[in-house]
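Letters A, B, ... are given to chains in the order of the sequence lines, protein chains preceding strands, and every chain is numbered from 1.
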2 protein chains.
Amino acid sequence: MYSGDMDAREQLIETMRELMGERGYVGTSPRAILSRAGVGQGSMYHHFDGKAGLAAEALRRNADAMRGDGEAVFDAGGPVLDRIRVYLRRPREVLQGCRIGRMTEDPDVIGDAVLRKPIEETLAWYERRIAELLAEGQESGELAAGFVPGQVAAAIVAVVQGGYVLAKAAQSVEPFDNAIEGAVTLLTGLRGER
Amino acid sequence: MYSGDMDAREQLIETMRELMGERGYVGTSPRAILSRAGVGQGSMYHHFDGKAGLAAEALRRNADAMRGDGEAVFDAGGPVLDRIRVYLRRPREVLQGCRIGRMTEDPDVIGDAVLRKPIEETLAWYERRIAELLAEGQESGELAAGFVPGQVAAAIVAVVQGGYVLAKAAQSVEPFDNAIEGAVTLLTGLRGER
DNA sequence: GTCTATAATTGGATAGAC
DNA sequence: GTCTATCCAATTATAGAC
C-alpha cells in the first residue's frame, strides 16, 4: 500500500486515471494533465514515453482496480445468484461511466494494441468469471440446466456497460437503475426446480 | 426519396454521418470530412455553422434512421416476444458500433444540449417502445405478470449497447453474439403460463 | 456556391537551464 | 528530476478570389 505524498510520477498517473475516465484518451490533452497534476512538461516526458506511455500505465491501474472490485464480489460465498445480484446492484458513479468500458469508443485506444489489451482482458475476465459462477450454479442445482453460461454472462456484463450508455444519453441514472433491475428480474428465471 | 447526384451540402451530411459513426465527433476533423466528401472548406462553412452545425444535422439523420429501423421491427404483427427477438438478432455492423449509442462517450456531444438531444430521444424511444410491447404481452397473457416492463425494456436496450462495447474491446463479434443469445435465453423466462 | 490561401489556436513533443 | 521556453503539426475557422 502506498503512503506519504505522491511524487510527480505518481501524481501524473493518478491524474491520468481520472481524466481518462472523465474525458477519454483523445479528449485528454497533455496540457490538462499537467495543469491538474500540478507538474511541468518535463516531468511527464522524463517519466513516460509521452501521452501514450502515461495512458498505458493509467489504464493498467484502472483495469486492476476494476478486476479487484469484481473479485471481491464474485469470490464471496453464498448462492451464485446472490453474488451476481450484488455485482449488478453495486453502487457506481453512473454518470461518469466505466473507466474501462468507455475506452472502447476511443479509436486511438482500440487502434493501439498496448492500450487495448487491459480493456479487452478486464471485460473478458468479467465474462469468464460470471460464466464460471453460472456453471457452478447449474452443477449445484441452484440454477436450471437449459442455458449456456457464457452467453448469459456476456448479457450480464453487457447490461452494465449498456446501462452507462443509456444513463449518459439521458444525463440521468434512472435508465441505468432500470436496466439493472430488469436484469435482476430476468435472472430469476434461471432458478432451478428444487 | 432522394435521387440523382448529391450536391455539396448533401455530400457533407452523408460523409459526416459515416465519419461520426466510425470515429466519433471529437475524432472527426473538418479536414477528414472535406477530404472524404470531396468538397472544399468554403462549402462546409457556407452551408453550416461549422463542425457542430454539420454534426447536428448528421446526428438527426442517424437518429431518424435508427428509429425507423426499430419501427419496422416493433410494428410488425405476431407475438411480442418474437418481435423483440428479431430486434435483438437483427444483423448489425457490430465492430463499427451504434452510430447513436457511441456518441454518449464523447464529452463534446454530451456537453452540448443540441447534439445530445437526438441521442437521448432515440434511446428513450427504444426503451419506451419495447416497454409498450412487453406490457401488451402481459395484457394478452403471452407474458407473465410479475415484472416491470420499463425495467426489462431498459435491460434489453442495454444488452445491445453493451454488446457493442464488449465486441470493440475484443475486436471480435463473438461477445456481442453471446450477449444477444444470452438475452434471448433470459427473455424466455418471461413467458406466461397459458 | 465553391474554391484556395491563410490565420488563430491547441495538441503533442523537444531543448536546455537549474 | 523538474522547470520554462520553444517548436512543429494538426484542428478549426476566416478571407477573399472566382
Atom CG of A:D49: over 12 foreign heavy atoms under 6.0 Å: no
Near-strand residues of residues 102-118 of chain A, defined as heavy-atom separation under 4.0 angstrom from DNA chain D: none
Length of the CG-C1' vector between A:D7 and D:dG1, whole Å: 10 Å
Under 3.5 Å: donor-acceptor pair, side chain of B:Q171, backbone of B:K168: yes
Atom-to-atom span, CE of A:M6 to P of D:dG1 - whole angstrom: 19 Å
N/O donor-acceptor pair under 3.5 Å between B:E142 side chain and B:V80 backbone: yes
Among D:dT2, D:dC3, C:dT2, the one nearest B:H47 by side-chain distance: C:dT2
Side chain to side chain donor-acceptor pair (under 3.5 Å) involving B:R85 - partner list, sequence neighbours excluded: B:D82
Under 3.5 Å donor-acceptor, B:Q138 side chain and B:A145 backbone: yes
Nucleotide D:dG1, atom C1' - distance to CD of A:Q11 in whole Å: 15 Å
Output one line per pair: protein atom, nucleotide atom from nucleotides 11-13 of chain C, and distance, for all N/O pairs under 3.5 Å.
residue	atom	partner	partner atom	Å
C:dG12	OP1	A:K51	NZ	3.1
C:dG12	OP2	A:K51	NZ	3.2
C:dA13	OP2	A:Y45	OH	3.1
C:dA13	OP2	A:K51	N	3.3
C:dA13	N6	A:Q41	NE2	2.4

Integer-rounded Å distance: C:dT4 C1' and B:L34 CG: 12 Å
Aromatic plane relationship, B:Y87 with B:Y126 - under 30° parallel, 30 to 60° tilted, over 60° perpendicular: tilted
Any donor-acceptor N/O pair, A:R102 side chain to B:E105 backbone, under 3.5 Å: yes
Distance in angstrom units between B:L54 CG and D:dA13 P, rounded: 11 Å
Presence of A:H46 side-chain N/O under 4.0 Å of D:dC3 phosphate oxygens OP1/OP2: no
Any donor-acceptor N/O pair, B:R83 side chain to B:A76 backbone, under 3.5 Å: yes
